[in-house]
Amino acid sequence: MTTRVIIVDDQAMVRAGFAALLAAQSDIDVVGEAPDGAQGVELSRRTHPDVVLMDVRMPEMDGLEAARRLLSPPRGVTHRPRVLMLTTFDVDDYVYEALRAGASGFLLKDAPPADLIAAVRIVAAGDALLAPSVTRRLIADFARQRPPARGKPALRLKGLTERETEVLTLVARGRSNGEIAQHLVLAEQTVKTHVSRVLTKLDLRDRAQAVVFAYESGLVAPGDQ
């Protein structure tokens, strides 16, 4: 199955480089490019990509606002691509807010080409790009700056079973399904089922949002291992 991708970045050379790299993959089809967020949203509405590579900082409309519009479309618009944020900085408030809005992760622009290709495939498969330790650090840094919410996020945790709460805690600490399975002495497929139930019960799109939720609800504190 071919993954349809669009690239939204205000630097033409970046767009061209990423497009050439991704188009050379037999399972990836670059269906368009845009120089700013507003045009990126319009292009996405027209081409229906599976994944949008979205620069964080752009003129006219930045990547955060564009991600919000793509991930929370107006009534009548049913297409919601997965959004992978691109950033020059490893800690960026815009990226954190994009994760809260539903972006599936982020990648540094100077990441090796193989990482970009892998990232597109990971996000297209429905997973969040949380493996790099920098992502966990980013979420922890911004969670540290914001006190845990004492209202609705904390109340929503009560809808989880004890096992689901354990799984969410480990997801928030950056553990993979395999690592969680080993830690809890469960089959990996069982862990996947628990993760899926957690996302459904908390109305979260993917693991990225689950990590943010776990910090903001106070379930996990920055520095927890």
Side-chain angles (χ1 to χ4, degrees), residues 1-5 27-28 44 48-54 67-68 70-73 77-85 95-107 118-133 135-136 138-140 143 148-149 151-221 224-225:
M1 183 177 176
T2 301
T3 298
R4 294 165 57 83
V5 177
D27 59 335
I28 298 175
S44 178
H48 289 187
D50 301 300
V51 176
V52 176
L53 292 179
M54 181 76 74
R68 285 174 175 155
L70 290 177
L71 297 168
S72 298
V77 177
T78 58
H79 177 255
R80 285 207 314 169
R82 296 193 176 272
V83 177
L84 178 61
M85 307 302 296
V95 178
Y96 175 81
E97 296 300 335
L99 290 175
R100 291 190 64 197
S104 295
F106 86 100
L107 191 70
V120 169
R121 289 171 175 156
I122 288 169
V123 171
D127 293 325
L129 193 66
L130 290 176
S133 60
T135 307
R136 295 194 294 273
L138 178 145
I139 294 173
K152 292 181 180 179
L155 289 175
R156 286 162 63 189
L157 285 173
K158 294 182 178 180
L160 302 181
T161 66
E162 183 177 348
R163 178 64 83 189
E164 289 164 353
T165 301
E166 285 183 298
V167 169
L168 175 57
T169 299
L170 293 171
V171 166
R173 291 173 181 166
R175 304 286 183 86
S176 67
N177 285 346
E179 290 169 336
I180 295 173
Q182 185 175 18
H183 182 81
L184 298 178
V185 193
L186 297 171
E188 189 168 345
Q189 184 57 49
T190 301
V191 173
K192 290 181 180 179
T193 299
H194 284 310
V195 171
S196 178
R197 287 175 179 167
V198 167
L199 297 179
T200 298
K201 287 185 176 182
L202 297 178
D203 192 26
L204 303 172
R205 192 172 187 200
D206 56 29
R207 295 172 83 101
Q209 283 195 308
V211 172
V212 173
F213 177 89
Y215 278 108
E216 292 196 326
S217 66
L219 176 66
V220 176
D224 284 354
Q225 299 296 323

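Keep in mind that the numbers below use all heavy atoms, side chains included, and drop hydrogens, waters and symmetry copies. Start at 1 with the first residue, then count along the sequence.
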- Query: Run the side chain to side chain contact (heavy atoms under 4.5 Å, CB included) check on V211 and V171 step by step: do they pass?
  - Reply: CA-CA 7 Å; V211 172; V171 166; 4.2 Å; yes

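- Residues V167 and I180 share a closest heavy-atom pair of O-CD1, 4.2 Å.
- Put simply, the side chain of L170 does not reach to within 4.5 Å of the side chain of V191, judged on heavy atoms.
- Side-chain atoms of T190 never come within 3.5 Å of backbone atoms of L186 as a donor-acceptor pair (strictly under, hydrogens ignored).
- For the pair L168 and V195, the minimum side-chain heavy-atom distance is 4.5 Å or more.
- Without hydrogens or angle criteria, E179 side chain to S176 main chain gives a donor-acceptor distance under 3.5 Å.
- For the atom pair CZ of R197 and NZ of K192, the computed distance is 15.0 Å after rounding to the nearest 0.5 Å.
- Between L160 and K201 there is a side-chain heavy-atom pair separated by less than 4.5 Å.
- Using a 4.5 Å cut-off on side-chain heavy atoms (C-beta onward), D206 and Q209 make contact.
- Atom NE2 of H194 and atom CG of L199 lie 13.0 Å apart (nearest 0.5 Å).
- With contacts defined as side-chain heavy-atom distances shorter than 4.5 Å, the pair V5/P49 does not qualify.
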- Item | Residue pair V212, E216: steps toward the side chain to side chain contact (heavy atoms under 4.5 Å, CB included) verdict | CA-CA 6 Å; V212 173; E216 292 196 326; 3.9 Å; yes

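- Annotation: side chain of R163 is in contact with side chain of L184 (closest heavy-atom distance under 4.5 Å).
- The closest donor-acceptor contact from the side chain of S217 to the backbone of F213 lies under 3.5 Å.
- Here CZ of R82 is found 15.0 Å from CE of M54. Values are rounded to the nearest 0.5 Å.
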- Message: Please determine whether side chain to side chain contact (heavy atoms under 4.5 Å, CB included) holds for the pair R4 and V51, giving the CA-CA distance in whole Å, both sets of side-chain angles, and the decisive distance to 0.1 Å.
- Response: CA-CA 6 Å; R4 294 165 57 83; V51 176; over 6 Å; no

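- Counting heavy atoms from C-beta on, the side chains of L204 and R156 come closer than 4.5 Å.
- Side-chain N/O atoms of D50 and T3 include no donor and acceptor closer than 3.5 Å.
- Annotation: the span from E166 atom CD to L219 atom CG amounts to 10.5 Å, rounded to 0.5 Å.
- Between L71 and G102, the closest heavy-atom pair is CD1-C, 3.3 Å.
- Minimum interatomic distance between G159 and E164 (heavy atoms only, all atoms of both residues): O-OE1, 4.4 Å.
- The side-chain heavy atoms of T2 and I28, taken from C-beta on, include no pair separated by under 4.5 Å.
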- Item | Working for side chain to side chain contact (heavy atoms under 4.5 Å, CB included), residues N177 and R207 | CA-CA 11 Å; N177 285 346; R207 295 172 83 101; 2.6 Å; yes

